[in-house]
Amino acid sequence: MPGRNPARWLLHWADWFEMRGVYVPGEDNRQVDPWRDFGWLIVAWLAGVSAFIVFFALAT
């Protein structure tokens with residue numbers, strides 16, 4: 001089942017953030033949009049928290 005690969009989900013999710021737009025240096029005259037400017041960071045943070053929770057859930 002190719003649709004159940006968690007790595008593919010993360011890449012798809014990060015690509016979704018990137019398609020919505022990314023920060024371009026020099027665009028300092030607009031308001032900061034965290035979903036647009038920090039999409040990869042948010043995806044990495046959520047993946048890390050999820051891995052942490054799963055690790056301790058399996059350890060108990």
Side-chain angles (χ1 to χ4, degrees):
M1 293 185 158
R4 298 203 181 219
N5 184 353
R8 177 177 247 159
W9 290 346
L10 290 174
L11 289 176
H12 177 71
W13 197 22
D15 286 341
W16 179 78
F17 281 117
E18 203 168 271
M19 285 177 15
R20 294 184 70 208
V22 295
Y23 175 73
V24 176
E27 278 191 6
D28 296 332
N29 59 352
R30 66 172 178 80
Q31 185 177 5
V32 174
D33 181 13
W35 293 111
R36 177 180 167 184
D37 298 334
F38 305 109
W40 274 100
L41 184 60
I42 293 169
V43 169
W45 183 81
L46 289 174
V49 169
S50 301
F52 184 76
I53 291 170
V54 169
F55 174 75
F56 282 105
L58 293 173
T60 58

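Position 1 is the first residue of the sequence; numbering continues from there.
Legend: residues meeting ring pair (Phe, Tyr, Trp, His ring centres under 6.0 Å) with Phe55, ordered by chain and number and at least two apart, are absent.
Closest of all the heavy-atom pairs between Ala57 and Thr60 is O-OG1, 3.0 Å.
Cluster membership check: Trp45 does not share its hydrophobic cluster with Phe56, using side-chain heavy-atom separations under 4.5 Å among Ile, Leu, Val, Met, Phe, Trp and Tyr. In terms of hydrophobic clustering, with Ile, Leu, Val, Met, Phe, Trp and Tyr side chains grouped at heavy-atom distances under 4.5 Å, Ile42 and Val49 are assigned to a common cluster.
Atom CG of Leu46 is separated from atom CG of Leu41 by 9.5 Å, given to the nearest 0.5 angstrom.
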